[in-house]
2 protein chains.
Amino acid sequence: MLRLSTRGQYGVRAMFEIARGWPHRPVSLKEVSRRQDVSVAYLEQLLGKLRRAGLVVSVKGPGGGYLLSRPPERISIGSILKELEGPVALTACVQDPRKGCVRVEGCVTSLLWRALGQRIEQFLDTITLADLLNTNALRRQVRKEAQSA
Amino acid sequence: MLRLSTRGQYGVRAMFEIARGWPHRPVSLKEVSRRQDVSVAYLEQLLGKLRRAGLVVSVKGPGGGYLLSRPPERISIGSILKELEGPVALTACVQDPRKGCVRVEGCVTSLLWRALGQRIEQFLDTITLADLLNTNALRRQVRKEAQSA
DNA sequence: AAAATACTTGACAAATTTGCTCAGGTATTT
DNA sequence: AAATACCTGAGCAAATTTGTCAAGTATTTT
Ligand code: FES
Ligand code: FES
């Protein structure tokens, strides 16, 4: 349950590769494709969204590619996933109040989904591309998160 | 992103209704259907799984229905969702190690998905049907979880 | 100017998953 | 025997996912 689509997975992995070029070297989709084994055509679709969202900027022509629009520590995994897959919304009612359960007085479970969603969001907004670049820091972070849970 | 399917949502809501009959009164699917606005046919499909998993027992004949197989405080939301939607597995590689990213030395992101999955699981295993029956306790619980996050 | 590189856009299609319904059966009680 | 209610498996339409493809535009190099 709760599977992340490949859009999100590939998107994060692509952003990781692009982050490795920060701050000077643009990373081409060809390079990302080679390193992460995802087709260029699919990456184009994903990076287009991320560019329009302002997470990356593109550089055309030979030697071009994509560059982070800001430092890796200011780009969270959550912000990437939100662009590619929309906001965290375990149920329809969390996203759109009009879509709540009918015939139920004060649905009990909605409280639950809302709370879990917030926790997930909080986690994803805490981890950034900088953490992916420094695996040691990531392991520390992950350990900390695991303890507090 | 990360939408919970209606199987899981309806399943939890159905279990909530069945929990209200605990420990004596069997709750029929007809009653669950009426209260939660879900078709009996669909509920039969879901409850069949939950019965085979040992979460509920069925009582046939007039006045029959479903009964929790153990006290509500010993049935977690996670255990219900696991039966209906499979284990928490944000990516294929978390569930099946053979399905990891190819051409990537020690995939960085897998660490992330694994950690988030654990947090989600931990949350879902903490909340039980008893919490849903006592909304006050649930609110307390949710607040506590939110703080520790 | 021509060639090469690489991003940009939109359409489209196969595969999968979701969200059910339906028909026919079994067990239990009245 | 009739009524209630669980039980099983098949089947199916709609939505979503997971991509591909074609035809561009912009930039740099030769
Ligand atoms: S209103 Fe959202 S689950 Fe009931
Ligand atoms: S191995 Fe699972 S995301 Fe790479």
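Just so it is clear, the values below take in all heavy atoms, side chains as well, and ignore hydrogens, waters and symmetry mates. Naming convention: chains lettered A, B, ... in sequence-line order (proteins, then strands); numbering from 1 in each chain.
- We find that CD1 of A/I18 is positioned 14 Å from P of C/dA6, with the value rounded to whole Å.
- Distances were taken from every side-chain heavy atom of A/Y66 (C-beta onward) to each of C/dA6, C/dT8, D/dT17; the shortest belongs to C/dT8.
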Kindly list each side-chain donor-acceptor pair under 3.5 angstrom involving residues 64-78 of chain A, sequence neighbours excluded, with atom names and distances?
unit_1 : atom_1 : unit_2 : atom_2 : d
A/S69  : OG     : A/G54  : O      : 2.7
A/S69  : OG     : A/L55  : O      : 3.0
A/R70  : NE     : A/R74  : O      : 2.9
A/S76  : OG     : A/S79  : N      : 3.0
A/S76  : OG     : A/S79  : OG     : 3.4

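- Checked by atom type, the side-chain pair B/S33/B/Y42 shows no donor-acceptor distance below 3.5 Å.
- Looking only at distances, a side-chain donor or acceptor of B/R13 sits under 3.5 Å from a matching main-chain atom of B/Q36.
- With respect to the salt-bridge test (charged N to carboxylate O, under 4.0 angstrom), the residues A/D125 and A/K82 qualify.
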Chi angles and distances behind the salt bridge (Lys or Arg N to Asp or Glu O under 4.0 Å) call for B/E17, B/R35:
CA-CA 8 Å; B/E17 291 298 336; B/R35 299 185 57 98; 2.8 Å; yes
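- At a threshold of 4.0 angstrom between heavy atoms, the contacts of A/G64 are confined to the sugar-phosphate backbone, with no base atom among them.
- To the nearest angstrom, P of C/dT8 lies 13 Å from CG of A/L43.
- Rounded to an integer number of Å, the gap from CZ of B/R7 to C1' of D/dA15 is 14 Å.
- As a whole-Å value, the separation of B/M1 CE from D/dT16 P is 17 Å.
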Whether each nucleotide of nucleotides 21-30 of chain C has a protein heavy atom under 4.0 Å at its base (B), only at its sugar-phosphate (S) or at neither (-) is summarised, 5' to 3', as B----BSBS-
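- Atom CZ of A/R13 is separated from atom C1' of D/dT18 by 14 Å (rounded to the nearest Å).
- Although no hydrogens or angles enter the test, the distance criterion places a donor-acceptor pair under 3.5 Å between the side chain of B/D131 and the main chain of B/T128.
- Applying the 4.0 Å criterion to OP1 and OP2 of D/dT8, one finds that B/R51 has a side-chain N or O inside that range.
- Comparing A/V38 and B/R52 along DNA chain D, the residue whose closest nucleotide (by nearest heavy atom) sits nearer the 5' end is B/R52.
- At a threshold of 4.0 angstrom between heavy atoms, the contacts of A/L47 with the nucleic acid are absent.
- With respect to A/R25 and A/E31, a salt bridge is recorded, a charged nitrogen being found less than 4.0 Å from a carboxylate O.
- Taking 4.0 angstrom as the limit, A/T6 places none of its side-chain polar atoms (N or O) nearer than this to OP1 or OP2 of D/dT17.
- The CZ-C1' distance, from A/R3 to C/dT18, rounds to 15 Å in whole Å.
- Counting to the nearest Å, the C1' atom of D/dA3 and the NZ atom of B/K30 are 11 Å from each other.
- Rounded to a whole Å, the OH atom of A/Y10 is 8 Å from the P atom of D/dT18.
- Minimum atom distance to the side chain of B/S58 is reached by D/dC6, of the listed D/dC6, C/dA6, C/dT8.
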